[in-house]
Amino acid sequence: MAQQIINPALFHADSMPNSAMVRLPVVKGLLGVSGATVWRMVKAGKLRTYKLTERTTTFNMGEVRALLNSQKAEG
């Protein structure tokens with residue numbers, strides 16, 4: 001039986017508070033989409049970004065969870 005390896009970026013996602021700020025790999029992993037799709041969601045207004053520094057963009061964990069829950073309700 002093949003052993004499943006959990007992406008380190010997702011390992012603690014369930015225990016993070018809604019106020020936590022996460023990076024793109026976590027969002028991609030939780031939503032199961034590519035980086036390009038995440039940026040399309042941002043452009044469409046489905047997800048907001050927050051600048052940590054000039055070159056570092058983050059996402060709010062609570063908003064990612066809300067988007068994930070809305071996608072589950074639709075499908």
Side-chain angles (χ1 to χ4, degrees):
M1 178 175 214
Q3 181 179 357
Q4 288 188 343
I5 299 174
I6 297 174
N7 182 336
L10 301 175
F11 189 73
H12 297 290
D14 283 343
S15 63
M16 288 182 181
N18 283 339
S19 60
M21 303 307 277
V22 295
R23 301 284 302 276
L24 183 61
V26 174
V27 177
K28 288 177 10 181
L30 288 173
L31 298 177
V33 298
S34 68
T37 300
V38 171
W39 293 117
R40 283 187 209 105
M41 290 175 172
V42 170
K43 186 175 181 181
K46 294 181 180 181
L47 196 57
R48 286 183 55 187
T49 61
Y50 300 88
K51 293 299 275 184
L52 184 61
T53 67
E54 183 181 322
R55 297 177 60 181
T56 306
T57 301
T58 60
F59 301 84
N60 178 272
M61 190 63 173
E63 293 173 7
V64 173
R65 284 184 179 126
L67 178 61
L68 185 60
N69 289 333
S70 72
Q71 288 179 341
K72 285 181 182 177
E74 290 174 3

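Scope of the values below: all heavy atoms of this structure, side chains included, with no hydrogens, waters or symmetry mates.
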Sequence neighbours excluded and cut-off under 3.5 Å, please list the side-chain donor-acceptor pairs for residues 9-33, or say none.
| unit_1 | atom_1 | unit_2 | atom_2 | d |
| --- | --- | --- | --- | --- |
| Ser15 | OG | His12 | O | 3.0 |
| Asn18 | OD1 | Arg65 | NH1 | 2.6 |

Of all residues at least two apart in sequence or in a different chain, which pass the side chain to side chain contact (heavy atoms under 4.5 Å, CB included) check with Ala66?
none
Who pairs with Ala44 by side chain to side chain contact (heavy atoms under 4.5 Å, CB included), at least two apart in sequence or on another chain?
Lys46
Does anything in residues 14-37 form a ring-ring contact (aromatic ring centres under 6.0 Å, His included)? List the pairs, not counting sequence neighbours.
none
Show your reasoning for whether side-chain contact (heavy atoms from CB on, under 4.5 Å) applies to Trp39 and Thr49.
CA-CA 10 Å; Trp39 293 117; Thr49 61; 3.7 Å; yes
Got Leu67 and Glu63 here, is their nearest side-chain heavy-atom distance under 4.5 Å?
no
Enumerate, atom names and distances included, each donor-acceptor pair closer than 3.5 Å involving a side-chain atom of residues 51-59, sequence neighbours excluded.
| unit_1 | atom_1 | unit_2 | atom_2 | d |
| --- | --- | --- | --- | --- |
| Lys51 | NZ | Glu54 | O | 3.0 |
| Lys51 | NZ | Thr57 | OG1 | 3.3 |
| Thr53 | OG1 | Arg55 | N | 3.3 |
| Thr53 | OG1 | Thr56 | N | 3.2 |
| Thr53 | OG1 | Thr56 | OG1 | 2.9 |
| Thr58 | OG1 | Tyr50 | O | 3.0 |

